[in-house]
Amino acid sequence: MNATTVNRVPRQARIPGGARRAPARRVERLRAALCFVALLICMAAADGSWLRSVPPDYHSKANPLAGQPAAIAGGEVLFADRCAKCHGKDALGRGKRPSLRSERVQSQATEGDIFWLLKNGNLRRGMPTWSAMPEPSRWQIIAYVKSLGPESASAPGKKPRQEKSK
Amino acid sequence: MNFPTSNRIALTTRAVLRSILAVCSLLFLFALRAAGQEPPYFVTYSSALEEPGNLEISLKSTQASPANGNAFLGSVLELEYGVKGWWTTEFYLDGQTTRNDSTLFTGFRWENRFRPLLREHFINPVLYVEYENTNTADRSLLEIVGHDSVADLAIPNSAARREIEREMELKLILGSNVHGWNFSENFIAEKALNESEPWEFGYALGASRPLRLDSSGKSCFLCRENFAAGAELYGGLGTTEGFGWKATSQYLGPTVSFGIPRGPTIFLSPQFGLNDNSAKVLFRLSVSFEVQQVGNIFRRKNQ
């Protein structure tokens with residue numbers, strides 16, 4: 001008979017009732033800690049953490065096509081073709097996809113920030129990279145999105161989705 | 001009713017082709033949407049992955065009349081799905097028709113592409129892993145590796161379909177986007193899993209650019225912005241026992257894509273053989289449909 005055979009005692013017999021509850025408590029604590037970490041991650045995602053990743057030279061970039069009616073019209077066509085399916089035709093968000101008329105996109109994010117996001121995407125959170133789209137087209141989309149204005153300017157009754165995934 | 005084996009195969013093939021045609025017709029009706037930002041390549045992969053949640057359905061065909069064999073039409077149905085922003089999966093069904101010979105289903109492929117770097121760089125690598133189960137009658141010519149030669153295309157279907165190839169294919173895809181231009185380079189390594197053959201190597205290079213870099217803002221049909229043009233060069237690089245581009249096929253050709261507004265994208269390319277081991281010319285045609293956010297079809301509207 002070897003040592004392995006000697007130690008082969010049913011687990012429940014080895015652990016008396018009180019001691020058996022201790023690991024269960026530990027598991028509960030671990031679960032609570034994991035939930036807390038998950039909550040922190042969600043909060044980090046909800047506050048538009050991608051904005052903090054934008055390098056300063058992109059942050060200060062200005063849209064060369066800003067305010068040009070032809071660029072906005074071009075951006076509208078591109079937006080309908082490439083962006084509307086996720087962000088909605090009115091850019092107010094769809095499903096888990098965020099509104100592009102939120103305070104964050106319309107006021108906090110500069111045109112350069114959005115340009116950086118279109119170039120790099122946010123691949124972990126489902127935003128694809130649009131680097132294959134030529135730069136002038138990307139600036140047209142930004143001109144169009146900025147021309148929409150914040151959500152308060154949208155039709156009453158339709159509430160925009162909060163930006164969570166980007 | 002008992003049909004001879006060859007008739008049964010022909011009937012099955014026809015039924016499969018009819019089903020594919022029916023599916024594609026339905027998709028054409030319901031998925032009126034242009035394809036994504038893919039450059040107009042047939043063999044070369046770019047670093048652009050499918051957008052998450054989108055399903056792209058492509059029908060690709062390759063037609064050639066090799067000097068020493070019968071003319072053929074190789075066809076591939078591709079289903080490409082964006083699983084994550086960094087992961088695309090794709091399933092292929094291959095078939096072919098050879099004049100004075102037969103029409104047959106030649107096998108399937110399943111590939112996955114992963115983007116290891118999540119930010120955009122000057123050169124963007126993508127890792128490609130494919131399992132393929134095809135017979136040697138396959139005429140899709142989606143890659144040229146090892147010592148692939150025009151002589152392989154002359155083998156009658158009855159003989160070629162008996163040899164099944166189960167292969168693992170690895171690719172390193174490098175892609176760059178500079179001032180509207182796309183440059184893509186693929187390095188291919190392929191290994192037969194059911195035979196003791198050496199590793200086979202190949203390459204594919206592509207460069208392309210849209211004819212117009214911005215949108216005119218109009219919904220026009222023949223606008224320059226709906227077109228992209230470029231060139232593609234690809235071929236074999238031998239095996240571990242004999243590396244190099246001799247005794248293998250090499251092709252070069254211009255490529256054009258036309259994105260029909262609110263419709264499919266059409267890709268077209270004549271590709272010319274650069275040596276005696278290549279067919280003189282391959283005519284390639286592809287039609288791509290993209291179903292955006294395919295999961296939404298099954299969800300409530302107005303969500």
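We name chains A, B, ... by the order of the sequence lines, and we start the count at 1 in each one. Below, each value reflects all heavy atoms present in this structure, side chains not excepted, and no hydrogens, waters or symmetry copies.
- Scored by the side-chain contact (heavy atoms from CB on, under 4.5 Å) test, B:E169 finds B:Y128, B:E130, B:E132, B:E143, B:K171, B:I188, B:E190 as partners (sequence neighbours excluded).
- Contacts between residues 65-74 of chain A and chain B, counted as heavy-atom pairs separated by less than 4.5 Å, involve A:A73, A:G74.
- Using the six-membered ring where Trp is involved, A:F115 and A:Y58 have ring planes that are parallel, under 30° apart on the 30 and 60° scheme.
- B:S288 has its side chain out of reach of B:E80: every pair of non-hydrogen atoms, C-beta onward, lies at least 4.5 Å apart.
- For a residue to count as touching a neighbouring chain, one of its non-hydrogen atoms must lie under 4.5 Å from one of that chain's; by this rule B:R115 touches chain A with the side chain only.
- Partners of B:F108 according to the side-chain contact (heavy atoms from CB on, under 4.5 Å) rule, which considers only residues two or more places apart in sequence or in another chain, are B:F91, B:L93, B:Y131, B:N133.
- In terms of heavy-atom proximity, A:S102 sits nearest to A:E151 at CA-OE1, 3.2 Å.
- There is no contact between A:E76 and chain B, counting heavy-atom distances below 4.5 Å.
- Within a 6.0 Å sphere centred on NZ of B:K84, heavy atoms belonging to other residues, nucleotides or ligands number 12 at most.
- With respect to the salt-bridge test (charged N to carboxylate O, under 4.0 angstrom), the residues B:E50 and B:R113 do not qualify.
- Considering only residues two or more places apart in sequence or on other chains, B:F227 meets the side-chain contact (heavy atoms from CB on, under 4.5 Å) condition with B:L211, B:L222, B:V256, B:F258.
- Each of B:S215, B:G82, B:G217, B:G175 has some count of heavy-atom pairs under 4.5 Å with chain A, and the biggest count is that of B:S215.
- Proximity to chain B (any heavy atom under 4.5 Å) is restricted, for A:T129, to the side chain, taken from C-beta onward.
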